[in-house]
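Below is one structure; the comments refer to it alone.
In this text, all values refer to a predicted model and were calculated from it rather than measured experimentally.
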Amino acid sequence: MGWLATWYHRWASPPWFYQMSGRWTRGLMGLALPLLCVGTLWGLAFAPADYQQGNSFRIIYIHVPAAMVAQSGYILMASAGLVGLVWRLKVADVVLRNCAPIGAAMTFLALATGSIWGKPTWGAWWVWDARITSMLVLLMLYLGVMGLGSAFRNEQAAGRASAILALVGVVNIPIIKYSVEWWYSLHQPATFRLTEKPAMPVEMWAPLLVMVLGFYAFFGAVLLARSRVDLLDRERRSRWVRSLVAEHAI
Amino acid sequence: MIASAAVDGFDPWSQNMQFDSFSTWLQMGGHGGYVFAAYGIAFAVLVYQGLAPLRKRRALRRRLMASLEGER
Amino acid sequence: MGLVPLAGLICRREWLLAVRSPAQVLNPLVFFVLVIAMFPLGISPAPEVLARIAGGVIWVAALLAVLLSLESLFREDRDEGVLEQLLVSPHPLPFVVLVKVLVYALLVGGPLVLMSPVLGLMLSLPPATYGTLVAALLLGMPTLFLLGSVGAALTVGLRRGGLLLVLLVLPLYVPVLVFATAAVDAAQLGMPVRGHLALLGALLALMLVVAPVAAAGALRVTSEE
Amino acid sequence: MELDDRPLLSGLGFCLRAGDLVQVCGANGSGKTTLMRALAGLVPLADGEVLWRGRRVQRQWSRFRAELLFIGHRLGLKTGLTAEENLRLVAGVKAPVVARDWRQCLLAVGLGAAARMPVWQLSAGQQRRVALAQLAVSPATLWLLDEPFTALDPQAVAWVEAQLQRHLLAGGVAVVTSHQPLSAHLGARQLELNVQDVD
C-alpha cells in the first residue's frame, strides 16, 4: 500500500500536481471528446424515440448527464474543501475554487435543457418539477460559493471560507432535495414526472451511459486544466514557477 | 442490471438509423427545434468551459512574462 | 470559568446591549409587519385569497426579517475587537457562538413569533391555525438563525457582505420554508400537523450541532485577513 | 509566515523565559501586528512553530489561551456598555474577578467617574485605559500588547509600565510592540523587523 500513499502525497505538492494534472488533462480530454461525439450522434440519430414523448425525449442525453455531473461536482467540491481545511493543502483549495464555475455551468445546462424539454412535454417553459427546482437551488449554492470565494482579498481565507460553505451546503443538499421532492408530491398530483421513466430499453440507455461517461471525463479534464493554471498563479513567486517561466515552458 | 442486459444480444453497432432522410432528422416529428436548441446550448456551454483554461493560461502567461521582463 | 456562568455572562451582555439600543431588535419586527402589509396591497384584500397565501406570506416575511437582522450578528463584535477576544479565549468557540446565536434568536425572533398571530389575523388566517403557526415559528426560527449565523460568520469581514449573506443563506432556508408552510396549510385544512412539526424539530436538532461548529470555523477563518 | 501567498516574515525566532520582555519594533508594514496575531494563534503560520511551555500551541489550545492576554489595535470593548460592565462582562470572561476589584482597577487607571458612562462617550485615551485596566488583575502569564501606549498620556504610560514590571517580577512574560522606547529598568530585549523586499 506504500505506493498509494506516496502517490496520494505527491498530488499534494504543487509542482508534482502541475505535472501530473497535465498528463491527466490530455488523457481525460482525449477520452471525453470521442465519447461525447459518439454519444450525441447515437442519441440524436440512432436511439429510438420515446413512444409517449416522441423525439423531445432525446434531450435526456444532455439533461441527465449535466444534472449528474452538477450534483457530483458539488460533492467533489465539498470533499476538496474538507481536505483543504483539515490538511491546509493549497492544491485542494485551488481545486475547490475551480470546481464551482464548471459545476455552476453544468447546473445551468441541466436547468436550460430541463425547461426546454418541459415545453413540448407539458406546454410550459418553466415547470416547478421537483428535479428542476432542486437544480435551481443547487445553482444558487454554486453561485454562493463562487461569490464568497471572490469576495476575499486574501486567497487563503477565500479558500477556507468557500470550503466551509461547501461543507455546510453538502450537508444540506439531501435535506433540500428531500424537502423539494416532498413539497412537489404535496402540491402536484402524481402526473408523468420528468425523472421517473419506465425502465428504459438497452437501446435507449446505452447512449445515455456513453454521454454520462463523456460528461464526467470532460468535467475532470476541464477541472484539472483550470486548477493547473490557477495553481501557477497562486505559486507565481515560488522557484518552480519562476524556472518554468524562465524556460518559457508555460 | 446493466451487465446482464448487455448480454442478451444487444449489438451497439447494428443500431439502425431512425430517420430516413436528413430533412426528417431535422424535423424530428416537430420536436427538432427543441432538441437542437437544447443541444446547441449544451455545445455552447461545453465549448465555453472547455476553452476557459486556455484563456486563463494565456492571460497568466502575459502577466508572468511581464513580471519576468520587469525583474530583468 | 465554567460554561454555564460563561453563558450567563454572554446573555447578560447581549441583553444589556439590546435594552440600550432596541433599534437593532425592533427593526426586523417593523420590517416583518411592513412586508406582510404589502401583500394585501399587492395581491388582493379578499379574505379567501389572503387566507390561501397567509402561511407562505408570513413565513417568507419572517425569513427575510431574520436575514435582515443577521448582518449585525457578528459585525459589531468584529469592529470593536470583541470577536478577537472570543477567538483568543480558552472557552470552546462553538459553544460561545451557540449561546450568542440563541440569545440573538430570542431577542430578535421572539417579537416576530409573538407578533405572528396578529399578522395571521390581518391575513384572515383562521384562528384555529394560530397554534400551529406559532409552533412552527418556535421550531423553525432558531434554525433560521443558526443557518444564518454561518453565513454571517463567513461574510462578517467583507465590506459589502450583506447581499452575499442573503445569497449564501437563502438556499439553505428552503427545507425550513417548505415544512413550515406545509404545517400551516395542513392546519388550515384540519389535517394532522405533527409530522411537519417533527420534521422542523429534526432540522433544528441537526442545525443546533452543525451550525455552531461551522460558524466557529468560519469566524476563525475570516479573522485571518 | 505568509500573507496572501507573499512571504511577510521569515527567518524569525526568539525564546522567552520567565520574566522576559521583548519589544518588537520596525517600520510600518513590517508585519508587527501580524506577528502578534500569529503568536496569539489568530493567524496560521505557513511554516515554523509557536511553542508554549515546550509544546506546540496547536496541541494545547485551551491551556495556552487560558494563560494568554492579547490586546490588539481594536480594544475589545463593547461601546454600548459602561466601562465597568465591559470589564465584568467582556474581559471578565478571562479573569473572573469580583465587581469590587474592577472598580479598584478603574480607579487605579484614573477612570473613577467615567466608569459609569457608556464607553462610546469616552475619549480614545480613556477607552484604551479601560482596556488596559485589566492588566492589574489579569492572571495571564503571557501578555501580548500591540501598541499599548497609543493615545495614552505620560501618567497612564507610567502606570502600564508599572503593571508590566509587576507582571515580569511575578515570572510572567510579555511581548510589546511600540514605537516609543520602553523605560530601561524593564530590561526589554529589542526585536527589529525589517520590511520584506516585496517583488
Side chain to side chain contact (heavy atoms under 4.5 Å, CB included) evaluation trace for A:Arg228 with A:Leu232: CA-CA 6 Å; A:Arg228 305 183 71 227; A:Leu232 279 187; 5.9 Å; no

Any side-chain heavy-atom pair of A:Met106 and B:Leu46 under 4.5 Å: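 The answer is yes, as the side chains (C-beta and beyond) meet within the 4.5 Å cut-off.
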
Beyond-backbone contact of A:Trp126 with A:Trp128, side-chain heavy atoms, under 4.5 angstrom: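 Touching, per the 4.5 Å side-chain cut-off.
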
Structural part of [X] lying under 4.5 Å from a heavy atom of chain A:
X       : value
B:Phe36 : side chain
B:Leu51 : neither
B:Leu60 : side chain
B:Val45 : side chain

Greatest number of heavy atom pairs closer than 4.5 Å to chain B - which of A:Val241, A:Val229, A:Val222: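 Greatest number of close heavy-atom pairs with chain B: A:Val229.
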
Options A:Ile62, A:Ile59, A:Thr40, ranked by heavy-atom pairs under 4.5 Å with chain B, top entry: A:Ile62

Pairs where residues 50-65 of chain B contributes a residue and the test salt bridge (charged side-chain N to carboxylate O under 4.0 Å, His left out) is met, not counting sequence neighbours: A:Asp233-B:Arg63

Pairs touching residues 92-105 of chain A that satisfy salt bridge (charged side-chain N to carboxylate O under 4.0 Å, His left out), sequence neighbours left out: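 Output for this query lists A:Arg97-A:Glu155.
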
Under 4.5 Å from a heavy atom of chain B, the part of [X] involved:
X        : value
A:Leu109 : side chain
A:Leu36  : side chain
A:Ala105 : both
A:Ala45  : both

Within 6.0 angstrom of A:Phe108 CZ, more than 12 heavy atoms from elsewhere: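 Atom CZ in A:Phe108 is not packed in, count stays at 12 or less.
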
Aromatic ring pairing B:Tyr34/A:Trp125, orientation class (parallel under 30°, perpendicular over 60°, tilted between): perpendicular

